[in-house]
Structure formats: C-alpha cells, structure tokens
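What you are looking at is a predicted structure, and each value in this text was computed from that prediction instead of being measured.
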Amino acid sequence: MVCYNEMFEAEAVREPYARLNEWVRTMPEELRQMKQAEAEALFRRIGITFAVYGEGGDPDRLIPFDMMPRVFEQSEWRKLERGIKQRARALNAFLRDVYGRGEIIRAGRIPARLVYRNEAYEKAVVGIVPPRGVYSHIIGIDLVRTGKDEFFVLEDNCRTPSGVSYMLENREIMMRMFPQLFRNNRIEPVEQYPELLRRTLESVAPTKCDSRPTCVILTPGHYNSAYYEHSFLANLMGVELVEGQDLFVDGEFVYMRTTQGPKRVDVIYRRIDDPFLDPLCFRPDSMLGIPGLMDVYRSGGVSICSAPGAGVADDKAVYTFVPEMIRFYLGEEPMLNNVQTWTLWKDEDYKYVMANLPDLVVKEVHGSGGYGMLVGPKASKEEIETFRKKIEANPSNYIAQPTLSLSTCPTFVEEGVAPRHVDLRPYCLCGDRIELVPGGLTRVALREGSLVVNSSQGGGVKDTWVLSE
C-alpha cells in the first residue's frame with residue numbers, strides 16, 4: 001500500500017518542511033538522544049502520564065513524545081477549519097433536533113432506531129434546550145490524511161474528548177528545548193486554548209445566572225486515566241477542580257463547598273460519563289455525581305458541558321449520517337468527507353463485510369481507545385475468526401471501514417528518522433461562537449507499519465504546527 005508522505009513530494013522536500021529538514025540533517029545523533037531524554041524527563045517531572053488498566057504493574061505510563069513536528073500550511077489549515085466548524089454546527093443541530101421534534105427522523109433521513117434505541121440517547125433530557133442551543137461544547141474530530149488534498153473524518157467525539165493537555169504540553173516542551181526553531185519558523189500559537197475554553201463555558205451560562213459565571217471542572221478523581229488533564233486545564237483556566245462530593249444541590253442551584261462557605265456554581269465542565277452524573281436520575285449506585293443535579297439543570301439553574309445525551313451524536317453508526325445532517329440542517333455539501341463505512345445491521349453490508357474481513361477495519365459502535373476493533377490486514381487467521389463470531393452474535397454492534405493508506409510523517413526512531421502513520425484531533429469549541437486554535441493533537445503509530453495511533457495501543461504524540469502566512 002502506497003502512503004502519502006507529508007514531508008516529500010516527487011522525492012523533493014515539501015516547502016512546509018524545508019527548514020525542519022535542514023534542522024534534522026544537521027542535528028548530531030548525540031544531541032538528538034540528549035534532547036529526547038530531556039523531553040521524557042520533562043514529561044515525567046510535570047506528571048504527564050496516562051493510565052492503562054488490566055495489564056498488571058504500574059498503570060501510569062509516560063506517553064511517548066516524538067520531537068519531529070507535523071507541519072500544515074496555512075491554506076491546508078483553513079480548509080480543515082472550515083470543514084470542522086461546519087461539522088460542529090451540524091452535530092449540534094442534530095442534537096437539538098433529536099431531543100426535540102426529530103425532524104430528520106420524520107423526514108426519513110436517519111433510522112429512528114439508531115437514535116431512540118441508542119444507549120447514548122438520554123430520555124431524561126428530552127425537551128430540554130440548553131443555553132444557546134449548544135449540546136456539545138468541546139468536539140474532538142479525528143482526521144486522517146490520504147493524499148495532498150485528501151482528508152477524511154474518522155470519527156467525532158462529542159462528549160469529553162481528551163488529549164488537549166498533550167497538544168499544549170507538546171508545544172511548551174518544544175519551545176523550551178528548541179527556541180531557535182520557533183524563531184526561524186512562523187508558527188501559529190495554541191496556548192490561548194484555555195482562555196478560549198473558559199470564555200466558551202462562560203458564554204453558555206444558565207438563564208438564572210445574573211453575574212459573571214462560576215465555572216468548575218468535575219472529575220471522577222485521581223484514579224481516572226485523564227486526571228492529569230483535568231487538573232492541568234483547571235489550573236490554566238483559573239477554575240476549581242471538583243469531585244462530586246465537593247458539590248451539592250440546595251433548592252434551584254448547585255453549590256460548591258469552600259472554606260469560606262457554600263459558593264454557587266453556574267457552569268460544570270464535566271469529565272464524567274452520563275450514567276454517573278446524578279444518582280437520582282441515572283445510575284443509583286453512582287458515588288461520582290451530585291444528587292439532584294438534573295433537576296437544577298432542567299430548571300435552568302446550571303449548565304452542564306457537554307450536555308447529557310450528547311454522546312448519541314458521536315456513535316459510530318450515527319457517524320455515517322453526518323454528511324446527511326450537514327445537507328439537512330445547513331443546506332450545504334460536506335467540506336470534509338467521511339470514510340466509507342459499512343453498517344452491519346444492513347444485510348448487504350453484513351454479507352460484504354463477512355466475506356472481506358481480512359481486508360477491512362471493524363469497530364465496535366461504542367468502542368474507543370483502539371479497543372474492540374479488528375484491523376484485518378494486520379490480524380492473524382485466528383483473530384479474524386474469533387472476531388467473526390463476535391459479529392455473528394451481534395451484527396448491529398459493529399461497523400466496518402476500508403483499510404486506509406494513512407499519511408506518514410517523519411518520526412525519530414532508534415535507527416534515525418523514518419515515516420510513521422499519523423492522525424489529527426483538533427478541538428472545536430462551541431458556545432456563542434465556534435472557534436478552534438490552529439493546531440491539534442497529532443498521534444503517531446510508533447510501531448513500523450502500524451495504523452493504530454492510540455496511546456493505549458503503543459502510539460505516541462508530536463507537536464502540530466500551522467505555519468503563518
């Protein structure tokens with residue numbers, strides 16, 4: 001399979017990488033190794049780890065960091081930005097619709113059962129319209145590149161997309177280690193993200209808020225795999241990091257326990273899943289949420305970001321209908337294409353996928369983190385047959401996609417510099433306006449030939465540059 005190399009075109013270095021190529025070519029091996037060790041020490045000192053459970057030993061891992069940045073020209077980024085914003089508008093329009101009149105379903109554009117029987121669809125929020133009609137406030141859209149002008153959306157993350165702390169820390173560490181690179185290249189900044197996030201949260205304050213909103217980040221606690229990110233963002237935004245036990249409901253409002261007494265909370269950026277938000281509304285055994293929270297939410301006393309029920313928009317089966325959402329709600333053609341997808345609840349799709357399993361990527365509809373998937377060309381016959389039985393037992397739980405020839409970026413490896421497959425997750429903020437910083441999280445499959453970029457599956461991260469004009 002021939003893959004697009006983002007650094008080279010017709011064996012010549014592309015203009016965006018010209019100065020980086022010279023930087024790599026003139027860097028002594030001893031300096032590279034020293035800087036790599038320095039980067040790892042910085043990540044460990046700062047405490048940037050992620051958790052992997054169920055494998056024994058210390059679950060906290062240091063995410064591999066590659067010092068070779070990924071570079072986009074300004075024209076490339078503008079195209080992506082327009083497509084991402086278009087997609088974010090459509091996804092929020094879809095959420096407003098399916099928790100309201102359901103016009104897209106009445107029009108026959110999407111099957112009702114995919115929405116109303118979806119485990120991510122929360123009946124408890126039907127009829128509730130959050131401030132500014134925004135359900136998903138932080139959308140992480142995973143993109144892959146297959147050619148010079150060919151970008152595809154792999155999936156949408158409308159609930160609590162993680163990884164933005166790596167985007168920010170990758171940039172901070174690169175600037176600290178190689179200041180000359182940033183003096184020699186005109187690179188768009190990303191450090192304004194926390195400020196934009198706070199402004200976004202404040203812009204969707206509830207109707208009963210009559211002063212500057214008090215925002216908090218709700219975390220499940222330090223055992224959560226993304227806890228570092230929760231505390232990192234709270235610190236940069238200047239807001240409190242709280243757990244469920246730190247908040248309580250009194251009358252029409254939510255309050256935070258402080259040393260000066262109760263303080264009213266207006267906006268909760270939650271990093272816990274829907275079932276654990278309120279034991280009186282969802283799972284009664286939840287110890288992570290706030291009893292009575294949903295009653296306050298319904299009455300307009302607090303905003304929850306992202307809104308409960310937003311996950312129905314990023315279901316992998318619903319994903320196949322996002323282009324139709326764009327046409328239905330916006331009256332526009334999609335600027336970014338989906339990856340061709342077979343939905344196994346359709347008989348013809350099921351037959352095709354089962355006959356071509358060794359050539360396809362199959363994913364669980366509700367899976368994440370690189371788990372619950374089959375990469376056919378990289379799987380053994382035994383793995384394929386085991387997965388085949390899982391599909392036969394519950395076809396509607398899976399979708400399938402072709403094995404894309406993901407683009408590669410130059411990456412520092414033991415033997416020097418080599419191409420490795422990458423994807424990109426930009427973070428789109430939706431409040432009174434839709435905006436995103438110029439960049440995102442580039443994830444890289446460090447294993448040669450691997451297409452799985454998730455950190456839990458051996459992937460790493462690298463800084464993402466968007467060059468100024």
Side-chain angles (χ1 to χ4, degrees), residues 83-141 153 155-161 200-209 266-270 273-274 277 281 293-294 296-336 338 427-436:
I84 291 164
K85 288 181 176 180
Q86 180 194 57
R87 203 168 177 100
R89 290 197 303 272
L91 288 166
N92 270 300
F94 168 74
L95 287 165
R96 285 194 298 273
D97 186 22
V98 297
Y99 285 110
R101 290 180 54 82
E103 297 291 353
I104 196 169
I105 294 168
R106 293 168 185 256
R109 302 290 187 92
I110 183 172
R113 68 175 191 83
L114 278 187
V115 176
Y116 299 135
R117 294 185 185 177
N118 194 306
E119 65 179 37
Y121 185 81
E122 298 291 359
K123 295 179 181 178
V125 300
V126 171
I128 301 175
V129 181
R132 300 187 183 277
V134 178
Y135 283 78
S136 185
H137 305 82
I138 304 98
I139 303 178
I141 294 181
V153 175
E155 62 181 51
D156 307 290
N157 298 276
C158 296
R159 288 172 255 199
T160 55
T200 297
L201 297 177
E202 290 179 346
S203 77
V204 293
T207 54
K208 294 181 180 179
C209 178
D266 302 296
V267 182
I268 299 174
Y269 174 25
R270 54 78 173 244
D273 295 335
D274 287 358
L277 277 174
C281 182
L293 173 64
M294 289 301 296
V296 179
Y297 178 63
R298 289 189 191 96
S299 69
V302 71
S303 292
I304 303 174
C305 303
S306 285
V312 72
D314 65 19
D315 177 273
K316 289 183 176 63
V318 172
Y319 152 90
T320 62
F321 292 92
V322 176
E324 193 59 37
M325 294 177 199
I326 293 170
R327 298 183 185 100
F328 185 80
Y329 296 116
L330 308 182
E332 301 170 356
E333 282 300 308
M335 299 177 192
L336 294 172
N338 274 17
Y427 298 88
C428 188
L429 300 175
C430 304
D432 60 349
R433 67 186 79 170
I434 299 178
E435 52 194 349
L436 59 162

Next item on the list: Go through the structure and list residues passing salt bridge (charged side-chain N to carboxylate O under 4.0 Å, His left out) with Glu122, not counting sequence neighbours.
Entry: none

Checklist line | Pairwise side chain to side chain donor-acceptor pair (under 3.5 Å) hits with a residue in residues 94-110, at least two apart | finding: Asp97-Tyr329, Arg101-Glu103, Arg109-Glu324

Check: Under the side chain to side chain contact (heavy atoms under 4.5 Å, CB included) criterion, do Val115 and Phe94 qualify, and how do the steps go?
Finding: CA-CA 11 Å; Val115 176; Phe94 168 74; 3.9 Å; yes

Check: Taking the side chain from Ser306 and the backbone from His137, do they hold a donor-acceptor pair closer than 3.5 Å?
Finding: yes

Margin query: Does Leu429 form a side chain to side chain contact (heavy atoms under 4.5 Å, CB included) with Ile434? I'd like the steps, not just the answer.
Written below: CA-CA 6 Å; Leu429 300 175; Ile434 299 178; over 6 Å; no

Item checked: Partners passing side-chain hydrogen bond (donor to acceptor under 3.5 Å, both in side chains) against Glu332 (at least two apart in sequence or in another chain) -> Gln86

Check: So, for Gly309 and Leu95, which heavy atoms are closest and what is the spacing to 0.1 Å?
Finding: O-CD2, 3.9 Å

Next item on the list: Mark yes or no for whether Tyr319, through its side chain, and Val153, through its backbone, hold a donor-acceptor pair below 3.5 Å.
Entry: yes

Check: Given side chains that start at C-beta, do those of Cys428 and Ile141 come closer than 4.5 Å, heavy atoms only?
Finding: no

Next item on the list: Compare every heavy atom of Thr200 with every heavy atom of Glu435, then report the nearest pair and how far apart it is.
Entry: OE2-OG1, 4.3 Å

Next item on the list: With sequence neighbours left out, write down each residue that passes side-chain contact (heavy atoms from CB on, under 4.5 Å) with Pro323, or none if nothing qualifies.
Entry: Arg327, Pro334, Asn338

Item checked: Shortest non-hydrogen contact between Leu114 and Val318, atoms and distance -> O-CG2, 4.0 Å

Item checked: Val267: side-chain contact (heavy atoms from CB on, under 4.5 Å) partners, not counting sequence neighbours -> Leu201, Ala205, Pro206, Pro213, Cys215, Ser303, Cys305

Next item on the list: Might you point out which heavy atoms bring Val98 and Tyr116 nearest each other, and give the distance in Å?
Entry: O-CE2, 3.8 Å

Notebook entry, point to check: Ala120 and Arg159: which non-hydrogen atoms are nearest, and at how many Å?
Noted result: CB-NH1, 4.2 Å

Check: Which residues pass the side-chain hydrogen bond (donor to acceptor under 3.5 Å, both in side chains) test with Asn92, sequence neighbours left out?
Finding: none

Next item on the list: Sequence neighbours left out, what passes side-chain hydrogen bond (donor to acceptor under 3.5 Å, both in side chains) with Asp315? Give chain and number order.
Entry: Asn118, His366

Could you pull out all donor-acceptor pairs under 3.5 Å where a side-chain atom in residues 127-136 meets a protein atom, sequence neighbours excluded?
| residue | atom | partner | partner atom | Å |
| --- | --- | --- | --- | --- |
| Arg132 | NE | Ser203 | O | 2.6 |
| Tyr135 | OH | Ile128 | O | 2.6 |
| Ser136 | OG | Cys158 | O | 2.8 |

Next item on the list: Given side chain to side chain contact (heavy atoms under 4.5 Å, CB included), test Met325 with Leu91 step by step and report yes or no.
Entry: CA-CA 7 Å; Met325 294 177 199; Leu91 288 166; 4.2 Å; yes

Checklist line | Residue pair Pro308 / Leu277: nearest heavy atoms and the distance that separates them | finding: CG-CD1, 3.9 Å

Note to self: The criterion is side-chain contact (heavy atoms from CB on, under 4.5 Å); which residues satisfy it with Asp273, sequence neighbours excluded?
What the structure shows: Pro275, Phe276

Next item on the list: For Arg270, check side-chain hydrogen bond (donor to acceptor under 3.5 Å, both in side chains) against everything at least two apart and list the hits.
Entry: Asp274

